[in-house]
Amino acid sequence: VAEDGMLSNTRLFCKAAPDGMAVDVEGRLWTTHGKTVSVFAPDGSKVGHVDFPQAPANCTFGGPDYKTLFVTARTGVYKVRVNAQGLHFVAPD
């Protein structure tokens with residue numbers, strides 16, 4: 001991103017039409033679409049997915065170790081333990 005806000009060196013990261021997104025500490029992107037949360041590596045290649053009974057709307061990592069993926073759906077909230085640790089922000093004191 002240039003100082004004037006213009007973008008350069010653009011590239012297609014992945015083919016997806018996500019609704020919600022989260023990032024883990026390894027830089028993987030977790031996206032919600034269809035009835036799935038898809039996982040994309042930093043190079044844009046799809047490395048996995050987690051299916052749900054309802055279409056997920058959004059996702060985030062939580063729990064004491066940030067290894068629980070929380071997913072909101074149309075009429076429910078799901079949680080699933082994953083091997084990845086979610087990226088999280090700690091506010092300064």
Side-chain angles (χ1 to χ4, degrees):
V1 180
E3 284 186 34
D4 64 0
M6 295 300 297
L7 302 176
S8 62
N9 196 21
T10 60
R11 68 180 176 91
L12 177 65
F13 175 72
C14 65
K15 289 189 177 186
D19 189 2
M21 296 181 275
V23 178
D24 68 27
V25 296
E26 299 296 324
R28 292 177 292 248
L29 180 65
W30 298 63
T31 66
T32 63
H33 57 94
K35 287 191 174 184
T36 299
V37 172
S38 292
V39 185
F40 296 92
D43 68 2
S45 61
K46 186 175 177 182
V47 295
H49 69 273
V50 181
D51 294 326
F52 291 89
Q54 295 183 43
N58 212 336
C59 62
T60 191
F61 290 96
D65 58 1
Y66 291 91
K67 289 187 175 183
T68 301
L69 183 67
F70 290 91
V71 177
T72 58
R74 301 306 177 230
T75 62
V77 177
Y78 299 91
K79 70 177 184 175
V80 61
R81 288 287 294 171
V82 295
N83 291 329
Q85 182 181 31
L87 187 63
H88 58 281
F89 173 76
V90 178
D93 291 334

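Scope of the values below: all heavy atoms of this structure, side chains included, with no hydrogens, waters or symmetry mates.
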Contact check, side chains of [X] and [Y], non-hydrogen atoms, under 4.5 Å:
X: Pro53; Y: Tyr78; answer: yes
X: Arg28; Y: Pro42; answer: yes
X: Asp65; Y: Arg81; answer: yes
X: Trp30; Y: Val82; answer: yes

- Does atom CG of Asp4 have more than 12 heavy-atom neighbours, drawn from other residues, nucleotides or ligands, at distances under 6.0 Å? yes
- Message: Check this for me: Asp51, atom CG, are more than 12 non-hydrogen atoms of other residues, nucleotides or ligands nearer than 6.0 Å?
- Response: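 For Asp51, atom CG is crowded (more than 12 foreign heavy atoms under 6.0 Å).
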When rounded to the nearest 0.5 angstrom, what distance separates [atom1] in [X] from [atom2] in [Y]?
X: Thr72; Y: Asp19; atom1: OG1; atom2: CG; answer: 8.0 Å
X: Gln54; Y: Thr75; atom1: CD; atom2: OG1; answer: 3.5 Å
X: Leu69; Y: Lys79; atom1: CG; atom2: NZ; answer: 12.0 Å
X: Lys35; Y: His49; atom1: NZ; atom2: NE2; answer: 13.5 Å
X: His88; Y: Asp24; atom1: NE2; atom2: CG; answer: 12.5 Å

Same cluster for [X] and [Y] if Ile/Leu/Val/Met/Phe/Trp/Tyr side chains link at under 4.5 Å?
X: Val71; Y: Val80; value: yes
X: Leu87; Y: Met21; value: yes
X: Phe40; Y: Val50; value: no
X: Val47; Y: Phe61; value: yes

- Spell out, as yes or no, whether a donor-acceptor pair under 3.5 Å connects the side chain of Thr32 to the backbone of Ala57.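 Indeed, once roles are kept as given, a pair shorter than 3.5 Å links the two residues.
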- Item | Backbone of Phe70 reached by a side-chain donor or acceptor of Thr60 within 3.5 Å | no
- Message: If you compare all heavy atoms of Gln85 against all heavy atoms of Lys67, which two are closest, and at what distance to 0.1 Å?
- Response: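 Here Gln85 and Lys67 meet closest at CA-CG, 3.9 Å.
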- Do you know which two heavy atoms are closest between Gly34 and Pro56, and how far apart they sit?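 It is O-CD, 3.2 Å.
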- Item | Hydrophobic cluster partners of Val1 (side-chain heavy atoms under 4.5 Å) | Leu7
